[in-house]
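Both backbone and side-chain heavy atoms feed into the values below; hydrogens, waters and symmetry mates do not. Note that the numbering runs from 1 along the sequence shown for the chain.
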Amino acid sequence: MTLTDMVASAAAHWGDRPVLEFDRCGTILSFRALHEQTDLVAANLIDLGLMPGERVGLCMANIPQYPLSWFGILKAGGVVVPMNIAYRQDDAFHICQTSDVRFIICDEERAALFETLRPTLPDLQNIFVVGGSDENFDILLKPSTRSVLVKRISGDLTNLQFTSGTTGLPKGCMLTHRYWTELVDGIQRDIVEIVPQDVMLTAQSFSYIDPQWALVLCLHSGAKLVVLERFRPSEFWAKVVEYDVTFFYCLAAMPLMMLSSPPSPAEKQHKVRLVICSAIPPNRHAAIEERFGCPWMEGYGSTETGSDISVSLSQHSAYVGSGSIGLPLRHREVEIVDDFDQPVSNDDIGELVVRGPGMMRGYWRQPEATESVFRNGWYHTGDLATRSSDGRLYLVGRKRDMIRRAGENIAAIELETVLQQHPDVKLAACVAVPDAVRNEEVMALLVTEDDYDLSAIISFMKNRLATFKVPRYWKIVEQLPLTPSARVAKPEISRAIDSDVFDLRSIAS
């Protein structure tokens with residue numbers, strides 16, 4: 001089954017039951033309306049010249065036009081390129097150029113950015129600007145007599161989902177229809193059964209993989225997805241109560257922010273029966289459940305692979321505070337291997353590798369990178385892990401030079417490449433430093449010219465990269481430790497960050 005099959009099947013089965021409700025604008029879409037309106041989007045895109053396999057960029061806030069565009073593009077045979085609404089000139093240009101986008105659908109706030117980029121993107125034909133109401137979406141929702149006849153199969157692409165690369169700029173994960181069906185089947189079979197009476201909630205942008213799979217899970221189960229504009233810890237539980245939410249997914253930074261907010265009666269008045277969360281802090285796990293009155297279960301996966309490992313509802317109590325990410329789902333094989341891809345013994349540290357159906361097809365136009373991560377038939381996650389004698393899996397670190405800030409994966413090399421374009425910077429290194437709320441923050445260490453201007457360097461970063469990528473901490477050093485091949489020796493940097501660190505919040509507006 002394809003995603004477009006699922007939209008049609010869900011409409012036939014659940015009809016006028018609501019599948020989406022948007023908190024910001026109040027719009028409610030039924031399964032039938034989702035099917036009918038995405039048929040119109042598809043027909044109009046085909047009339048405008050979209051051909052099967054061509055890429056369409058999506059960059060907008062959490063408004064109804066996002067899922068309508070996503071499924072409409074798929075019905076027209078196109079491939080969706082989700083783009084983070086925080087992107088600026090450099091990161092947006094990289095995504096558009098790499099994927100050769102034919103059309104872009106964006107909201108009014110992002111329109112100026114893409115108009116600025118238009119002259120540098122020869123393949124870009126049209127930019128469609130949508131607002132917070134369907135009146136601004138008329139060009140893609142106008143009546144059409146065209147029958148949408150573009151047939152797709154489970155192995156066809158749905159998304160180029162860009163993820164931060166560790167050895168260069170973000171890579172486009174080629175996700176297929178089967179990727180999504182395997183992902184939600186794994187959740188339904190092995191973690192928790194979602195039923196039509198469930199109400200799910202997302203507070204992440206639709207450009208991320210998590211709201212997308214949550215919507216596909218609703219198509220699979222008949223449940224409804226409530227879409228918040230963004231995550232606000234001070235009002236999150238009030239929204240959970242307002243919409244009778246029974247299930248949601250979140251990242252570890254979210255419960256930590258909730259814990260830091262003043263308690264509210266809504267925290268114990270809700271109907272939530274389950275939360276899946278990635279990277280729950282073991283020492284706060286019991287406190288999170290005590291305060292919010294529902295089970296929180298670990299889930300592990302990636303953009304490249306979908307759903308891989310989790311704690312199931314029946315196992316939950318035994319795992320609270322253990323730090324374990326659980327056991328492999330039934331469609332996944334998991335191994336812990338050494339640098340030669342040989343399995344290590346229980347309790348020994350190695351790299352976590354996984355295999356099974358429904359993973360990405362590979363990285364867009366990067367066969368060498370694809371071969372590297374899929375070597376010897378396994379996807380190499382870059383995460384270091386151990387396995388206990390009873391099969392439980394534990395993450396202990398990572399091999400990749402990646403910083404995880406409040407759920408965002410930030411490749412250090414992307415930041416360093418931009419920093420070293422500034423004339424005041426001779427050499428740059430970006431590293432992760434612990435943070436009680438965001439898990440990790442970004443620190444930049446710079447070797448500079450004598451007359452450097454740190455505020456100008458920071459502004460340079462802000463103008464070129466998404467705000468969440470801009471380092472919070474900055475340190476000027478005389479030199480950085482180097483390897484014999486003249487690369488920065490990251491493991492030795494820790495000795496250089498104990499003093500004279502500047503906090504972005506105090507030195508730049």
Side-chain angles (χ1 to χ4, degrees), residues 23-24 62 84-86 200-205 208 210-211 214 226-243 245-300 311 316 319-323 325 395 402-410 431-443 466-474 497 501-509:
D23 177 67
R24 178 182 177 182
N62 279 0
N84 195 307
I85 59 174
M200 299 171 59
L201 178 142
T202 184
Q204 292 176 266
S205 168
Y208 294 99
D210 304 314
V226 174
V227 182
L228 302 185
E229 178 187 9
R230 53 172 292 186
F231 175 68
R232 294 184 175 91
S234 60
E235 65 179 40
F236 182 81
W237 287 99
K239 294 296 182 183
V240 169
V241 171
E242 178 183 348
Y243 290 106
V245 172
T246 61
F247 169 80
F248 63 87
Y249 168 85
C250 69
L251 303 163
M254 295 181 180
L256 293 178
M257 293 178 188
M258 295 177 199
L259 286 175
S260 300
S261 300
S264 72
E267 294 171 2
K268 294 292 179 68
Q269 296 173 350
H270 57 77
K271 299 179 180 178
V272 176
R273 64 188 182 95
L274 175 68
V275 178
I276 298 178
C277 183
S278 295
I280 303 172
N283 62 337
R284 309 299 297 278
H285 195 164
I288 291 169
E289 295 205 353
E290 172 62 26
R291 176 162 170 180
F292 302 120
C294 55
W296 289 63
M297 300 181 346
E298 188 73 38
Y300 175 90
V311 176
H316 158 260
Y319 280 77
V320 174
S322 70
I325 58 174
L395 296 181
M402 188 75 74
I403 301 161
R404 290 176 178 161
R405 181 188 185 275
E408 301 281 2
N409 288 326
I410 304 169
V431 297
V433 293
D435 185 84
V437 174
R438 293 171 178 81
N439 186 37
E440 292 178 340
E441 275 284 6
V442 185
M443 175 179 284
T467 302
F468 67 81
K469 298 178 183 178
V470 177
R472 175 178 174 182
Y473 299 109
W474 299 77
I497 60 176
V501 173
F502 298 96
D503 189 328
L504 176 63
R505 298 178 185 179
S506 65
I507 63 175
S509 59

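- For Ala286, the side chain to side chain contact (heavy atoms under 4.5 Å, CB included) criterion is met by Val320, not counting sequence neighbours.
- Note: Leu251 CG to Leu256 CG = 11.0 Å, rounded to the nearest 0.5 Å.
- The shortest heavy-atom contact between Val272 and His270 is N-ND1, 3.1 Å.
- The distance from atom CG of Asp23 to atom CD of Glu229, rounded to the nearest 0.5 Å, is 8.0 Å.
- In this structure, CG in Leu395 is found 10.0 Å from OG in Ser278, a value given to the nearest 0.5 Å.
- With Cys294 as reference, Val275 is the one residue of Val275, Thr246, Val240, Leu274 to meet the side chain to side chain contact (heavy atoms under 4.5 Å, CB included) rule.
- Looking at Glu441, its side chain never comes within 3.5 Å of a backbone N or O of Ala432 through a donor-acceptor pair.
- Minimum interatomic distance between Asn84 and Glu408 (heavy atoms only, all atoms of both residues): ND2-OE2, 4.1 Å.
- Pairing each heavy atom of Ile280 with each of His285, the nearest pair is CG2-CG, 3.7 Å.
- Among all heavy-atom pairs drawn from Lys239 and Val245, the shortest one is O-CG2, 4.4 Å.
- To the nearest 0.5 Å, atom CZ of residue Arg472 and atom CD of residue Glu440 are 14.0 Å apart.
- Between Ala266 and Val241, the shortest heavy-atom distance links the atoms O-CG2, 3.4 Å.
- In this structure, the side chain to side chain contact (heavy atoms under 4.5 Å, CB included) partners of Pro263, at least two apart in sequence or on a different chain, are Glu267, Arg291.
- Rounding to the nearest 0.5 Å places CH2 of Trp296 at 6.0 Å from CD1 of Ile288.
- Side-chain contact between Phe292 and Leu259: present, with at least one pair of heavy atoms (C-beta onward) separated by less than 4.5 Å.
- Below 30°, between 30° and 60°, or above 60°: for Phe236 and Phe248 the angle between ring planes is above 60°, a perpendicular geometry.
- Atom CG of residue Leu228 and atom CG of residue Leu201 lie 4.5 Å apart, to the nearest 0.5 angstrom.
- Annotation: Lys268, atom NZ; neighbour count of heavy atoms from other residues, nucleotides and ligands within 6.0 Å is above 12.
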| request: Test Gln204 against Met254 for side chain to side chain contact (heavy atoms under 4.5 Å, CB included), laying out the working first. | output: CA-CA 11 Å; Gln204 292 176 266; Met254 295 181 180; 3.8 Å; yes
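- Nearest heavy atom pair, residue Pro233 against residue Ser261, reads CB-OG, 3.6 Å.
- More than 12 heavy atoms of other residues, nucleotides or ligands sit less than 6.0 Å from atom CZ of Arg273.
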